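Notes to accompany the following structure.
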There are 2 protein chains.
Amino acid sequence: MPKRVDHAERRTQIAEALVRVAGRRGLHAVGMRDVAAEAGVSLRLVQYYFETKEKLLLYGLEHLAARFGERVAARAGSAGAAAGPRATAESLLLASLPTDEESRTFHLVYTSYAVLSVTEPALAAQPFLQRPGAAEDALTDLLRQAQAAGLTRPGLDARTEAITLLALAAGLGTSILVGHRTPDAATTVLRHQLDRAFEREGRD
Amino acid sequence: MPKRVDHAERRTQIAEALVRVAGRRGLHAVGMRDVAAEAGVSLRLVQYYFETKEKLLLYGLEHLAARFGERVAARAGSAGAAAGPRATAESLLLASLPTDEESRTFHLVYTSYAVLSVTEPALAAQPFLQRPGAAEDALTDLLRQAQAAGLTRPGLDARTEAITLLALAAGLGTSILVGHRTPDAATTVLRHQLDRAFEREGRD
DNA sequence: AACAACGTGGTACGGTCGTATCACGAAAAT
DNA sequence: ATTTTCGTGATACGACCGTACCACGTTGTT
């Protein structure tokens, strides 16, 4: 058995096990023993690296948010600045929709955390839940660029439109999650709203 | 001690106790003993009227959805058909935002149920979560009426706009709930979207 | 008047959960 | 080479949870 283990790596391994089992059985149903089994380690190990369950949950959320942030940024970046602000905004918003299994898990677990944070002060204090303003700012900037280039509907308020698009994506995401709507239908609705923001005079 | 008690009334009393404590401490933290204490009855009584916890939760959701449906309908109705479709749509959507304590509790508990239903098949089978199509249909009708009266933006697709508005309201509602946004800010955004749907040609 | 069914309280049981304790082997330090 | 620290396992403990069981008074029925 190797000694002098990399703590950060182990914590990540365990946190990802937490996210997996939370995505499968729901965050409310995850116990320390489940996480240990999923990660392939003993219960004692989970206790060793995260002394308490609360700390495990906190770290799990932190890790989840970071991973998803990277994912969305990667997608938005791969569309590239070359493709124009409209394409960038679209891929940013679509990347946040629970279409594949990974983003579905993210949405479910993240929403679970959000709901938990309403009644659990320790979670509410975490910055990942209280400042999703990053996405809002990024999208607002994108819209302002498009506006300066004359690509947007006249009279558009960039910040309001950004808030609208993000809230819409969040609402649609939840709809998909609970099975009210298909990913395709949600995508269509989201594109429709984008079309309206980016339509130039005289079109339509 | 009175015998021959009204079962329906008792069940309602207990279900409302469930909703209250769920709104206060989170649905995940609700136990039978908590519900009993909140309702002012013994644990045995809760077991007597709802044999199992699952049945209690199911009934609680049913009751919650019914009460909120009445609330929204009452608000939309009080705006009256006289005030026009725009005002009716607005009060319908604003009534679903968690502004006061009652709707805040509703949103929190309802969202908790929604999240639970993703991983709990028994809850997902409930019709209150799987068909909120009623609101969508009602709003679509409203928009079609307005469309026929020439009150809406040209080229508007009533169903898509209804879906958009409802998803937007849901997303904004969650934002309010977790403290990202104030009710006022959310109301402004929602009104803005309504303005766009109802704007006539030549204005703007 | 006797009996059956309903409503209610108290309490106990089995299980699970988060956490704590004890023990031990392997690496690092001296 | 010895000692100390680190990583790991197994197991125990106390609390709580949902549920089941038992007993008793009250009300309606015959």
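This one's a predicted model, so the numbers in the text were calculated from it and none came from an experiment. A, B, ... follow the sequence lines: proteins, then strands. Residue 1 opens every chain.
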Exercise. Rounded to the nearest 0.5 Å, how far apart are CE of A/M32 and CD of A/Q47?
Worked result: 7.5 Å
For this session: Any chance you could measure A/R10, atom CZ, to A/L45, atom CG, to the nearest 0.5 Å?
Result: 5.5 Å
Nearest-Å distance for atom pair [atom1]/[atom2], residues [X] and [N]:
X	N	atom1	atom2	value
B/F50	C/dG7	CZ	C1'	15 Å
B/Y48	C/dA5	OH	P	13 Å
A/R25	C/dT16	CZ	C1'	13 Å
B/L45	C/dC6	CG	P	16 Å
A/D6	D/dC6	CG	P	16 Å
A/M32	D/dA15	CE	P	20 Å

Problem set entry | Proximal nucleotide (of C/dG18, D/dG9, C/dG9) relative to the A/K53 side chain | C/dG18
Exercise. Which nucleotide in the list D/dG7, C/dG7, D/dT19 gets nearest to the side chain of B/H7?
Worked result: C/dG7
Using side-chain contact (heavy atoms from CB on, under 4.5 Å) as the criterion, list what pairs up with [X], not counting sequence neighbours.
X	result
B/L92	B/V72, B/A76, B/L139
A/R25	A/V21, A/A29, A/D34
A/V118	B/R104, B/L108, B/L177, B/V178

Exercise. Within the structure shown, what part of the strands sits under 4.0 Å from B/V35 by heavy-atom distance: base, sugar-phosphate, or nothing?
Worked result: nothing
Exercise. Using 30° and 60° as the class limits, which term best fits the ring planes of A/F50 and A/Y59: parallel, tilted or perpendicular?
Worked result: tilted
Exercise. Regarding A/S103 and A/D100, is there a side-chain donor-to-acceptor distance under 3.5 Å anywhere?
Worked result: yes
Expected rows: protein N/O vs nucleotides 20-23 of chain D N/O, under 3.5 Å:
from: D/dA20; atom 1: N7; to: B/Q47; atom 2: NE2; distance (Å): 3.0
from: D/dA20; atom 1: N6; to: B/Q47; atom 2: OE1; distance (Å): 3.0
from: D/dC21; atom 1: N4; to: B/R44; atom 2: NE; distance (Å): 3.1

Problem set entry | Passing option when B/E161 is tested against A/R196, A/Q193, A/H192 for side-chain hydrogen bond (donor to acceptor under 3.5 Å, both in side chains) | A/R196
Exercise. Should A/S42 be listed as having a side-chain N or O under 4.0 Å from OP1 or OP2 of D/dG9?
Worked result: yes
For this session: Output yes when at least one side-chain N/O atom of A/R10 is less than 4.0 Å from OP1 or OP2 of D/dT8, else no.
Result: yes
Exercise. Quick one: side chain to side chain donor-acceptor pair (under 3.5 Å) partners of A/E102, sequence neighbours excluded?
Worked result: A/R71
Exercise. Considering heavy-atom distances to DNA chain D, does A/Y49 or A/R33 have its closest nucleotide positioned more toward the 5' end?
Worked result: A/Y49
Exercise. In residues 13-23 of chain B, which ones come under 4.0 Å of DNA chain C, going by heavy atoms?
Worked result: none
